[in-house]
Amino acid sequence: MHALDAVATWAIPALLAGIPLWGYLRGVAVYEAFLAGAEEGLRVTVQILPYMLGILVALGVFRASGALDLVAQVALPLTGRLGFPPEVLPLMLIRPLSGSGSLAAVADLLRAHGPDSFVGRLASVMQGSTDTTFYVLSVYFGSVGVKKPRYALWSGLCGDAAGFVAALWACRWFYGGPP
């Protein structure tokens, strides 16, 4: 266990020191390459900023307007039949939109129900087994200038739905159902 702790402690500093050293040994102008990478990263950040701002504002309006709660109420009969606890429905709606918003929803569920509750475990597994589809599409596709994502949105949403169902199945299998 001590060896694993030592590896965990020194892995990042070793990479931070080892990569420039490896580049220097191979004859790369390390500092100039670092500056070129930082310049490109800053350019990409400025390029995707409008997309990130748009998705964050849309998420804030969606939550503040009460539309999130309304959609959760409409979806409740279907998700209830599938066995999803109603407490996780807002998480299922926010997760494809925003990682930080869904993390806040998970924190709220953990605070309200506890990390060892079925809802807390299910929310944690859902957070880890799904992705922020709209965020990924807007940021990544925006950074390379893709205007027509074609089937990427529906593929991502189907992946999220599969992740939600798999999380429910795995939690029921590992921990049993809710009390």
Side-chain angles (χ1 to χ4, degrees), residues 12 15-16 19 33-111 118-174:
I12 299 296
L15 280 174
L16 290 176
I19 290 173
F34 168 76
L35 291 179
E39 182 181 336
E40 183 180 336
L42 186 61
R43 195 174 320 121
V44 169
T45 301
V46 169
Q47 189 176 357
I48 66 173
L49 192 59
Y51 299 100
M52 289 178 59
L53 190 62
I55 195 76
L56 292 175
V57 168
L59 178 62
V61 168
F62 187 60
R63 288 186 82 171
S65 68
L68 174 65
D69 297 330
L70 180 67
V71 172
Q73 289 297 320
V74 169
L76 187 59
L78 174 66
T79 55
R81 274 196 192 140
L82 294 174
F84 287 99
E87 295 89 354
V88 298
L89 288 181
L91 172 64
M92 293 169 66
L93 294 173
I94 292 175
R95 182 63 180 150
L97 296 172
S98 167
S100 58
S102 64
L103 191 57
V106 170
D108 288 344
L109 288 172
L110 293 177
R111 195 174 306 115
F118 183 77
V119 170
R121 289 173 173 161
L122 180 60
S124 299
V125 174
M126 283 180 172
Q127 179 76 11
S129 61
T130 56
D131 205 349
T132 55
T133 300
F134 287 98
Y135 180 80
V136 167
L137 290 179
S138 65
V139 170
Y140 295 144
F141 282 15
S143 69
V144 294
V146 173
K147 300 289 183 201
K148 295 179 182 176
R150 295 183 48 112
Y151 305 109
L153 175 63
W154 295 111
S155 300
L157 291 177
C158 286
D160 288 335
F164 292 138
V165 171
L168 179 65
W169 177 81
C171 284
R172 286 190 183 275
W173 187 56
F174 279 120

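Considering every non-hydrogen atom in both L168 and F118, the closest pair reads CD1-CZ, 4.1 Å. Across all their heavy atoms, V106 and A123 have their closest contact at CG2-O, 3.8 Å. Nearest heavy-atom pair, S129 versus G163, reported as atom, atom and distance to 0.1 Å: OG-O, 3.5 Å. The shortest heavy-atom contact between V46 and P50 is O-CD, 3.5 Å.
Side-chain contact between L78 and R81 is absent, with no heavy atoms from C-beta onward closer than 4.5 Å. The shortest side-chain heavy-atom distance between M126 and V88 falls under the 4.5 Å cut-off. Using a 4.5 Å heavy-atom threshold, the side chains of L110 and S124 count as touching. For the pair F164/L122, no side-chain contact is recorded, criterion being any heavy-atom separation below 4.5 Å from C-beta on.
One finds the CG atom of D160 at 11.0 Å from the OG atom of S155 (value rounded to the nearest 0.5 Å). One distance of note links CZ of R121 with CZ of F174; it measures 11.5 Å at 0.5 Å rounding. To the nearest 0.5 angstrom, L91 atom CG is 9.5 Å from L103 atom CG. Interatomic distance, S100 OG to I94 CD1, rounded to the nearest 0.5 Å: 9.5 Å. Note that OG of S98 is 12.5 Å distant from CZ of F134, once rounded to the nearest 0.5 Å.
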List the atom pairs, with distances to 0.1 Å, where a side-chain N or O of residues 52-59 and a protein N or O form a donor-acceptor pair under 3.5 Å, not counting sequence neighbours.
none

For residues 65-74, which side-chain N or O atoms pair as donor and acceptor with protein atoms under 3.5 Å away, sequence neighbours left out?
from, atom 1, to, atom 2, distance (Å)
S65, OG, V61, O, 2.9
S65, OG, F62, O, 3.3
S65, OG, A67, N, 3.3

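Here the options are E39, Q47, E40, the test is side chain to side chain donor-acceptor pair (under 3.5 Å), and the partner is R43; only E39 passes. Screening T133, V139, T132 for a side-chain contact (heavy atoms from CB on, under 4.5 Å) involving V136 leaves a single residue, T132.
The number of heavy-atom neighbours closer than 6.0 Å to OH of Y135, taken from other residues, nucleotides and ligands shown, is 12 or below.
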